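I have a structure I would like to understand better, so I am pasting it below and will then ask my questions one at a time.
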Amino acid sequence: MDEDRNDELLYADEEPNISVLQQTYETTVNDLDEWLQQRQLDYNARRNLWAGKSNDFRKHAVNSETGSVFPFENAADHEVYDIDDHIRSNKVMIMNALRRASINATPVGHDDTERAALTSQYMRWQLNTKMKEFYAEAELAIDNLLEKSIMVTYVYWDHKEQKTKETIDINQVVTLVGDEAVFMSGEADEVLVKYFVEQYSITEDVARTAIDEVRLEGESTFIATKKIRNQPRTRTLMPDEDVFFPPNTIDPANAPYVFLDVQMNTEDVVSRGEQEGWNKEFIEAAIELAQSTQQDSYNYNIRTREKYLEDLNDKESIRITYMYRRLVDKDGVPGIYCTIFARGIEELYGKHELLDYNHGKMPFVATPLERTSRRFYSARSYPEVGASSQQIVKAEMDASLDNLSMRSLPPLTHPPGKKPEKWGPGVQVSVFRPDQYKYADTPDSNPDSYAMREEVRKMASKYFGRADQEADPIEIQNKQQDLIARSFEHFTEVFSQIYSLCQQFGDDEEYFQVIGVNQMQKYTKGDPAEQYAFWTDFDVTTQDPGNMVKRVEGVATLAQQLGLVGQFDSAKLFQIGAGALMPGAANQFLLATQQGQEKAIEEERQAISQLVAGVPPNVRQNDAHQLKHQVFQEWKAQPDVQQMLSQNEALATRAENYERQRVHQLQQQQNAQTGRLGGQDTGFGKTTDL
């Protein structure tokens, strides 16, 4: 059997040995039992689930397996969401970085800047417009990374068709041909057949029959196939429910096999089976199994989600397994093969074929939260690391609440058989011996309890890279940047697979429309076998607006000191600074160059109008002085204006004073430039704007 298993996991064959594949599945999941149980503990720790928990957050003996509780009945038993808070905080940080990051493409083995820029543009369109599920799936993947220590993204091409009734009449056909006589003669039939086959995804026989019916009866109705979806898609897989790698996996990208479980109801089995071309006997067996059994989802059914799994089974569902294997065919050529089977269905399989993705990779991108050993499954999760500190905080909080309860209403002592009828504020109790009626002594409050809770929380915050007043900001930034970089490594590989699928299956017309390249111009999006290397940029310090503005100011000052003002785009620098203060709003108040010039000219014309009207304007310190001075000189050069100035002394004085202010500002700019250069600017090498 071991020899059969080895052969089945190494060499491709036309008929897979389903019993061997099923046994491999069982062995893989069983060997991951310890890791899966830890994920159960993580799930419980994050969501504050424990045995005997009650809805009123109190301990009750009736809910306890032992029939007793500590320290007393109705003691505090509250939830503490420190782990969940750290997960949510870092998940939000990574998602903000992902949405704001720049996506860049570089073709491997090529030096083509233009193609790379257009490819980046195309990918941004895919993620933000076409693949509407991407960011929702990315958020779930990051959540898995932090809670379950691993995130896995399934990247695939989604091609779905649907049967519809189509009716065509003689007017539509004549429009295509251009002349009714030509259509009636049958001269254009071959062209029309080819068009209908491509347009409606029908056979040539159906197309010819439709054309004849239109010619004889004026119209024809037939069953056509339309594309509903034809695009790349991503789906986040739960590493403890949906996808399983071999336990000894080091690099998941090179894993010898991967199991993907998909929960389907009977309708899904039928539709997916027809779409993917499953074996009909397997489809019938899967439907029968789903309807007649309560199929367990996993061997490790210890999860508190048992009700969830029961609900799935109540819907007549079945788990279909897609097994992806790296195999070598009889000619010694390696490839990735996909075999579809189900537990409980012996010998039969849905489909067995070579995966046709030209990128040559498994359709999974998997990333661990950390690398503490070479084993992929050795990564620790946030709940695994943070459970202890959260438990300390919970114990201290419950103890403080219990102490408060004891001090608010201490136990009462009284003589045997003489319990007072009432007890409380203002109640009068007559006694023979006062010392027999009193509150019992209660423990003093612990002043160190709050300090301990805060100290434990600070330790956890430092570990998970969360800033507080006492934390080293450089250390926190490094941890945050490392977490973002690890996540980006995952998504850049996702981008690479997405684009490779677009190269192979994508619509060229859609590609040209997105990138804005003239369709008549020769432009290629690359061979499907060519791979692009994608990378993303994001600096975690840009999340601090104050720090970002200081950095922008520093760049501007440095440029002035080095005399490089004319060598960088000040508008873009402003956009970066404004974007840090008001993310997403910078483009709304940043004028284009031409628009800014028009605004400056209009402002100078208004200033001239004020001069003529007797209102002397003042020149602003930071302004488009050169352009406005040019407009003012052109106004003064007009003959009628010169005559008016010579006849109106007050106007001439106002104009002279206004121009003197402008010239002073121009001189100030020149002085600043001279100070940087150490002499007068020669102007050599400069060009004049036309």
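In this text the structure is predicted, and so the values were computed from the model without any measurement.
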(message) So L32 and F245, do their side chains get closer than 4.5 Å, heavy atoms only?
(response)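 A side-chain contact under 4.5 Å is absent here.
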(message) Please determine whether side chain to side chain contact (heavy atoms under 4.5 Å, CB included) holds for the pair F57 and L401, giving the CA-CA distance in whole Å, both sets of side-chain angles, and the decisive distance to 0.1 Å.
(response) CA-CA 12 Å; F57 307 114; L401 291 172; over 6 Å; no
(request) Using a 4.5 Å cut-off on heavy atoms from C-beta on, say whether the side chain of E455 contacts that of I392. (result)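 They are not in contact (no side-chain heavy atoms under 4.5 Å apart), so the answer is no.
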(message) Restricting to side-chain contact (heavy atoms from CB on, under 4.5 Å), what partner residues turn up for Q126, sequence neighbours left out?
(response)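 Y122, K130, M131, P232, C502, E510.
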(request) Compute whether any side-chain donor of one residue and acceptor of the other, for S317 and N265, lie under 3.5 angstrom apart. (result)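 No, no side-chain donor-acceptor contact under 3.5 Å.
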(message) For R46, is there an ion pair with D143 - N to carboxylate O distance below 4.0 angstrom?
(response)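 Looking at D143 and R46, the cut-off is met.
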(request) May I ask you to say whether R343 pairs ionically with E26, meaning some side-chain N is under 4.0 Å from a carboxylate O? (result)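 So R343 pairs with E26 through a salt bridge.
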(request) Determine, step by step, whether I340 and E276 satisfy the side chain to side chain contact (heavy atoms under 4.5 Å, CB included) criterion, reporting the C-alpha distance in whole Å, the side-chain angles of both residues, the deciding distance to 0.1 Å, and the verdict. (result) CA-CA 10 Å; I340 301 172; E276 298 180 359; 3.7 Å; yes
(message) Does Y450 have more than 12 heavy atoms from other residues, nucleotides or ligands lying within 6.0 Å of its OH?
(response)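 Incorrect, the count does not exceed 12.
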(request) Return the set of residues passing ring pair (Phe, Tyr, Trp, His ring centres under 6.0 Å) with H60 (not counting sequence neighbours), or none when no residue passes. (result)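 So H60 forms no ring pair (Phe, Tyr, Trp, His ring centres under 6.0 Å) with any residue.
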(message) Tell me whether the count of non-hydrogen atoms from other residues, nucleotides or ligands lying under 6.0 Å of CZ in R88 goes above 12.
(response)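 No, because the 6.0 Å sphere around CZ of R88 holds 12 heavy atoms or fewer from other groups.
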(message) Strictly distance-based, threshold 3.5 Å: is any side-chain N or O of K59 a donor or acceptor partner for the main-chain N or O of S64?
(response)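 No; judged by distance alone, with no hydrogens or angles, the pair does not exist.
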(message) Nearest 0.5 Å, please: how far is CG in L369 from CD in E147?
(response)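 Output value for this atom pair is 12.0 Å.
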(message) With ring-ring contact (aromatic ring centres under 6.0 Å, His included) as the test, pick out the partner of Y382 among F464, Y43, Y463.
(response)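 The option that passes is F464.
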(request) Would you give the length of the straight line joining atom NZ of K148 to atom CG of L36, rounded to the nearest 0.5 angstrom? (result)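 K148 NZ to L36 CG: 10.0 Å, rounded to 0.5 Å.
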(request) Using side chain to side chain donor-acceptor pair (under 3.5 Å) as the criterion, point out the one residue from R457, Q390, K394, R453 that pairs with D82. (result)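 Single pass found, and it is R457.
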(message) My understanding is that only one of T28, V29, L21 makes a side-chain contact (heavy atoms from CB on, under 4.5 Å) with Y25; could you say which?
(response)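 The option that passes is V29.
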(request) Output yes when a side-chain donor or acceptor of R58 lies under 3.5 Å from a complementary backbone atom of N74, and no otherwise. (result)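 Yes; judged by distance alone, with no hydrogens or angles, the pair exists.
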(request) Answer yes if the side chains of S500 and H359 hold a donor-acceptor pair under 3.5 Å, and no otherwise. (result)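 Per modelled atom types, S500 and H359 side chains form no pair under 3.5 Å.
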(message) Could you tell me if the side chain of V262 sits less than 4.5 Å from the side chain of R272, heavy atoms only?
(response)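 A side-chain contact under 4.5 Å exists here.
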(request) Inspect the contact between K479 and E475 and indicate whether a charged nitrogen and a carboxylate oxygen are less than 4.0 angstrom apart. (result)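 A salt bridge links E475 with K479.
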(message) Consider ring-ring contact (aromatic ring centres under 6.0 Å, His included). Of Y257, F364, Y156, which one does Y324 pass it with?
(response)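 The ring-ring contact (aromatic ring centres under 6.0 Å, His included) with Y324 is passed solely by F364 among Y257, F364, Y156.
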(message) Would you say that E139 contacts L98 through its side chain, given a criterion of any heavy-atom pair below 4.5 Å between the two side chains?
(response)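 Result no, sub-4.5 Å side-chain heavy-atom pair not found.
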(request) Please name all residues satisfying side-chain contact (heavy atoms from CB on, under 4.5 Å) with E384, sequence neighbours left out, ordered by chain then number. (result)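 E384: side-chain contact (heavy atoms from CB on, under 4.5 Å) contacts with Q38, R39, D42, R380, S381.
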(request) Given side chain to side chain contact (heavy atoms under 4.5 Å, CB included), test F491 with I142 step by step and report yes or no. (result) CA-CA 10 Å; F491 290 112; I142 294 168; 4.2 Å; yes
(message) Checking I336 against R326 for the side chain to side chain contact (heavy atoms under 4.5 Å, CB included) test, could you report, in this order, the C-alpha distance in whole Å, the side-chain angles of both residues, the deciding distance, and whether it holds?
(response) CA-CA 5 Å; I336 297 176; R326 296 183 181 276; 4.0 Å; yes
